[in-house]
Amino acid sequence: MKAVVFIADARMETVCRLLQEAGMLTTAIRQPRQLCSLIPILQQEDLVVLPVRGTGEQGEIVMKGTPWDMKDFWAGLNEGVRLFTGVMTPFLRHRPQPVTALLQLEEVVSANAVLTAEGILALIMTSTSRSVYEQRYDIIGSGHCGLALAEMMGRLGLSLRIVSRSATQKLPWPQIRLDDWQKQQPWDVVINTAPARIIHRDLVNRWNKRPLILDIASGAVGVSQEAAAMEGMKVIRAAELPSRFCPESAGRILASAIVREVKP
């Protein structure tokens with residue numbers, strides 16, 4: 001089996017290596033000039049691993065901050081090639097090739113949530129001057145990442161509460177409805193995992209103190225630009241924490257999922 005892997009970050013180096021160890025003949029793409037030599041062999045490839053962020057509207061991909069024009073690549077690609085990416089994009093959704101969005105697979109989402117929780121703890125320890133045990137934590141959102149973080153913090157004995165719209169889940173930690181939370185004072189550290197605008201200027205104006213805010217939701221949309229710019233605010237927009245703090249482990253999760261998807 002032959003595979004092309006676009007090395008957009010450190011975790012993709014691990015993906016490439018592990019696919020090789022699984023018996024695949026892999027071609028690692030790191031520079032735009034490699035695309036020219038790749039075009040003649042595209043009809044022979046079995047799978048292509050794209051960057052986790054997928055493609056732009058015209059099929060372009062971003063490699064280490066640089067957008068690549070992929071028109072010739074897509075034109076030469078065999079329709080039977082399997083495409084793997086992190087997130088589905090409109091361009092990929094309309095490709096004739098079968099596409100697997102790895103970050104939509106339950107096993108990948110769950111495993112990544114644990115790595116994300118580790119990254120959040122690392123950010124907290126390096127962004128405050130106080131012990132993690134001297135602070136209290138608001139975790140906004142009760143999805144995979146929110147619950148993985150709560151479980152990890154709970155095992156450490158940290159003081160936390162889950163903030164959600166309904167707060168009706170049966171959880172082993174204190175819960176508060178979002179509407180009620182927005183009427184109170186925040187705790188020392190606020191971690192937003194919900195992909196929605198939660199913190200705005202009017203809300204911050206009612207706060208007596210400015211918490212540390214970590215916005216790890218996709219797109220980091222939880223805090224408005226106006227709120228983030230207010231005096232005394234410290235907002236860290238931190239997406240893709242697994243690739244930043246645990247690239248080896250994150251790559252192993254992705255590679256394992258790819259192997260499971262393609263094996264007979």
Side-chain angles (χ1 to χ4, degrees), residues 52-54 56 62 65 86-87 89 103 109 112-113 115-154 156 158-169 171 173-245:
V52 170
R53 294 188 179 184
V62 176
V87 295
T89 64
L103 295 184
V109 174
N112 259 332
L115 300 186
T116 298
E118 293 183 17
I120 291 170
L121 286 177
L123 279 179
I124 292 170
M125 288 187 287
T126 56
S127 302
T128 68
S129 58
R130 297 164 58 191
S131 165
V132 293
Y133 290 98
E134 295 177 0
Q135 302 176 91
R136 299 186 300 169
Y137 304 88
D138 282 326
I139 301 174
I140 301 177
S142 56
H144 287 87
C145 288
L147 295 184
L149 178 60
E151 183 175 352
M152 189 170 293
M153 286 184 161
L156 291 173
L158 304 183
S159 178
L160 67 97
R161 60 182 176 179
I162 300 287
V163 182
S164 59
R165 293 197 181 278
S166 60
T168 57
Q169 292 176 269
L171 300 174
W173 313 285
Q175 299 182 69
I176 181 172
R177 291 177 65 251
L178 177 61
D179 289 345
D180 295 330
W181 179 81
Q182 291 177 323
K183 298 172 185 176
Q184 300 182 12
Q185 296 299 308
W187 283 2
D188 304 292
V189 180
V190 177
I191 304 106
N192 178 58
T193 71
R197 180 61 47 80
I198 302 294
I199 299 171
H200 47 78
R201 187 180 185 89
D202 290 343
L203 176 64
V204 175
N205 274 330
R206 297 196 294 269
W207 290 349
N208 297 328
K209 61 179 181 179
R210 302 289 193 256
L212 168 65
I213 301 176
L214 306 181
D215 194 356
I216 64 107
S218 177
V221 297
V223 184
S224 72
Q225 293 288 348
E226 294 81 5
M230 294 176 68
E231 183 179 356
M233 288 290 286
K234 185 174 183 180
V235 179
I236 299 176
R237 303 184 189 275
E240 298 188 1
L241 289 176
S243 68
R244 176 176 171 183
F245 288 98

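These numbers come from the heavy atoms of this one structure, side chains and all, not from hydrogens, waters or symmetry mates.
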**Q** After noting the C-alpha distance and the side-chain angles of Tyr137 and Ile120, does the key distance pass the side-chain contact (heavy atoms from CB on, under 4.5 Å) rule?
**A** CA-CA 12 Å; Tyr137 304 88; Ile120 291 170; over 6 Å; no
**Q** Is there a side-chain contact between Val189 and Ile124 (heavy atoms, below 4.5 Å)?
**A** yes
**Q** Quick one, Leu156 with Leu121, criterion side-chain contact (heavy atoms from CB on, under 4.5 Å). Give me CA distance, side-chain angles, the key distance, then yes/no.
**A** CA-CA 11 Å; Leu156 291 173; Leu121 286 177; 3.9 Å; yes
**Q** Between Ile162 and Ala150, what is the shortest heavy-atom contact and its length?
**A** CD1-CB, 3.7 Å
**Q** CE of Met152 to CG of Leu147: how many Å apart, nearest 0.5 Å?
**A** 12.5 Å
**Q** CD1/Ile140 to SG/Cys145 distance, rounded to the nearest 0.5 angstrom?
**A** 14.0 Å
**Q** Look at atom NZ of Lys183 and say whether more than 12 heavy atoms of other residues, nucleotides or ligands are closer to it than 6.0 Å.
**A** no
**Q** Would you mind reporting whether Ile176 and Gln184 have side-chain heavy atoms less than 4.5 Å apart?
**A** yes
**Q** For Asp188 and Lys209, run side-chain contact (heavy atoms from CB on, under 4.5 Å): C-alpha distance rounded to whole Å, both residues' side-chain angles, the deciding distance at 0.1 Å, then the answer.
**A** CA-CA 9 Å; Asp188 304 292; Lys209 61 179 181 179; 3.5 Å; yes
**Q** Between Glu118 (side chain) and Phe245 (backbone), is there a donor-acceptor pair under 3.5 Å?
**A** no
**Q** Return the minimal non-hydrogen interatomic distance between Ser142 and Ser164, and the atom names on each side.
**A** OG-CB, 4.0 Å
**Q** Can you find a heavy atom in the side chain of Ile139 that is under 4.5 Å from one in the side chain of Met153?
**A** yes
**Q** CG of Asp179 to CH2 of Trp181: how many Å apart, nearest 0.5 Å?
**A** 11.5 Å
**Q** Check for a donor-acceptor pair, side chain of Asp215 on one end and backbone N or O of Gly222 on the other, with a separation under 3.5 Å.
**A** yes
**Q** Does the side chain of Gln135 reach to within under 4.5 Å of the side chain of Leu158, using non-hydrogen atoms?
**A** no
**Q** If you count the non-hydrogen atoms of other residues, nucleotides and ligands that lie under 6.0 Å from CZ in Arg161, is the total more than 12?
**A** yes
**Q** Answer yes or no: is there a side-chain heavy-atom contact under 4.5 Å between Val62 and Arg53?
**A** no
**Q** Determine the minimum heavy-atom distance between Trp187 and Pro211, stating which atoms define it.
**A** O-CB, 3.3 Å
**Q** Do Thr116 and Thr193 pass the side-chain contact (heavy atoms from CB on, under 4.5 Å) test, and can you show the C-alpha distance, the side-chain angles, and the key distance before you say yes or no?
**A** CA-CA 10 Å; Thr116 298; Thr193 71; over 6 Å; no
**Q** Any donor and acceptor pair, going by atom type alone, linking the side chain of Arg237 with main-chain N or O of Val223 inside 3.5 Å?
**A** yes
**Q** Closest heavy-atom contact between Met125 and Val132?
**A** CG-CG1, 3.6 Å
**Q** Would you say the side chain of Ile236 lies within less than 4.5 Å of the side chain of Ser127, judging by non-hydrogen atoms?
**A** yes
**Q** Mind listing the closest non-hydrogen atom pair of His200 and Ala227 along with its distance?
**A** C-CB, 3.7 Å
**Q** What's the shortest heavy-atom distance between Gly154 and Trp173, and which atoms?
**A** CA-NE1, 4.2 Å
**Q** For Arg177, is the CZ atom crowded, meaning more than 12 foreign heavy atoms sit under 6.0 Å from it?
**A** yes
**Q** How many angstroms lie between atom OG of Ser224 and atom CD1 of Ile198, to the nearest 0.5 angstrom?
**A** 11.5 Å
**Q** Do Arg210 side-chain atoms and Glu231 backbone N/O form a donor-acceptor pair below 3.5 Å?
**A** yes
**Q** Just by distance, do the side chain of Gln182 and the backbone of Leu203 share a donor-acceptor pair under 3.5 Å?
**A** no
